[in-house]
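In what follows, a structure is listed as structure tokens, so that the remarks can point back to it.
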Amino acid sequence: MAWAIKYHPLAKEELAKLDGSIRKIVLKGIIKVSANPKPQSEGGFGKPLGNKNGNNLTGLLKIKYRDIGIRVVYKLLEDEKTHEMYILVISVRADNEVYDLAGRRK
């Protein structure tokens with residue numbers, strides 16, 4: 001069962017600004033990870049984040065698209081009724097900007 005995918009309003013804008021072919025790759029990856037977005041240590045696809053350049057991103061996870069230089073940062077919202085993958089940032093990795101944005105949106 002795939003988790004529900006929700007977007008921070010600014011992440012939705014970032015996705016819309018991507019070139020069509022890049023957007024398709026990013027969406028395909030998000031859908032794949034939503035099948036099991038938990039951290040790799042729990043058998044999922046997510047790569048946990050910790051401290052990045054002074055930003056405490058503990059509890060957040062990322063999807064890394066090496067070939068296109070895009071990072072997607074998300075958090076999991078989970079209780080007995082809800083299983084949501086909440087996308088916080090979709091951005092290029094340049095100078096850790098994606099992690100600065102994630103720290104502010106967390």
Side-chain angles (χ1 to χ4, degrees):
M1 178 185 90
W3 289 46
I5 302 167
K6 304 284 182 175
Y7 292 86
H8 185 285
L10 295 174
K12 207 170 225 185
E13 288 177 22
E14 291 160 353
L15 181 63
K17 289 179 185 176
L18 293 176
D19 177 68
S21 60
I22 301 293
R23 186 178 324 116
K24 193 181 287 188
I25 293 168
V26 170
L27 285 171
K28 188 175 179 180
I30 290 171
I31 290 167
K32 175 186 172 190
V33 170
S34 75
N36 189 354
K38 292 198 173 207
Q40 291 174 333
S41 62
E42 296 178 33
F45 292 111
K47 294 174 179 63
L49 294 169
N51 283 315
K52 297 278 188 189
N53 286 355
N55 291 309
N56 182 4
L57 303 178
T58 304
L60 300 182
L61 299 126
K62 72 177 174 182
I63 306 169
K64 195 159 96 171
Y65 299 87
R66 272 190 263 157
D67 294 343
I68 57 176
I70 298 284
R71 301 290 183 271
V72 173
V73 177
Y74 66 94
K75 66 180 174 179
L76 299 177
L77 305 173
E78 181 178 24
D79 60 30
E80 58 272 350
K81 295 180 183 177
T82 307
H83 288 64
E84 291 180 354
M85 180 178 167
Y86 188 67
I87 310 292
L88 291 168
V89 180
I90 301 171
S91 182
V92 294
R93 186 176 176 268
D95 296 328
N96 290 312
E97 177 185 346
V98 67
Y99 303 125
D100 293 337
L101 289 171
R104 289 195 297 270
R105 293 180 193 172
K106 183 178 171 185

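Using a 4.5 Å heavy-atom cutoff, the side chains of Asn55 and Leu49 are not in contact. Val73 has its side chain out of reach of Leu57: every pair of non-hydrogen atoms, C-beta onward, lies at least 4.5 Å apart. Looking only at side-chain heavy atoms (C-beta outward), Ile63 and Tyr74 come within less than 4.5 Å of each other. Side-chain contact between Met85 and Leu61: absent, with no pair of heavy atoms (C-beta onward) separated by less than 4.5 Å. Val89 places a side-chain heavy atom less than 4.5 Å from the side chain of Glu14.
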Show your working on side chain to side chain contact (heavy atoms under 4.5 Å, CB included) between Leu101 and Arg104 and close with a plain yes or no.
CA-CA 5 Å; Leu101 289 171; Arg104 289 195 297 270; 3.0 Å; yes
As a quick check of understanding, evaluate side chain to side chain contact (heavy atoms under 4.5 Å, CB included) for Tyr7 and Ile90, giving each step before the final call.
CA-CA 10 Å; Tyr7 292 86; Ile90 301 171; 4.2 Å; yes
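Within 6.0 Å of the CG atom in Asp67, the count of heavy atoms belonging to other residues, nucleotides or ligands does not exceed 12.
Across all non-hydrogen atoms, the minimal contact from Tyr86 to His8 is OH-CA, 3.2 Å. Listed here is the closest heavy atom pair of Trp3 and His83: CE3-C, 3.5 Å. Between Pro37 and Ala35, the shortest heavy-atom contact is CD-C, 4.1 Å.
Distance alone, capped at 3.5 Å, is enough to place a donor-acceptor pair between the Asn36 side chain and the Gly43 backbone. Judged by distance alone, with hydrogens and angles left aside, the side-chain atoms of Arg105 form a donor-acceptor pair with the main-chain N or O of Leu88 at under 3.5 Å.
Following chains of ILVMFWY side-chain contacts shorter than 4.5 Å, one cannot reach Val92 starting from Leu10, and the two form parts of different hydrophobic clusters. Follow the hydrophobic side-chain contacts under 4.5 Å out from Ile70 and you reach Ile5 in the same cluster. A continuous path of ILVMFWY side-chain contacts below 4.5 Å connects Ile22 to Val33, so both sit in one hydrophobic cluster.
In this structure, the separation between NZ on Lys28 and CD1 on Ile30 is 13.5 Å, given to the nearest 0.5 Å. The line from CG of Leu18 to CD1 of Ile68 is 7.5 Å long, rounded to the nearest 0.5 Å. Note: Lys17 NZ to Lys12 NZ = 15.0 Å, rounded to the nearest 0.5 Å. Atom CD of Glu84 and atom CG of Asp79 lie 8.5 Å apart (nearest 0.5 Å).
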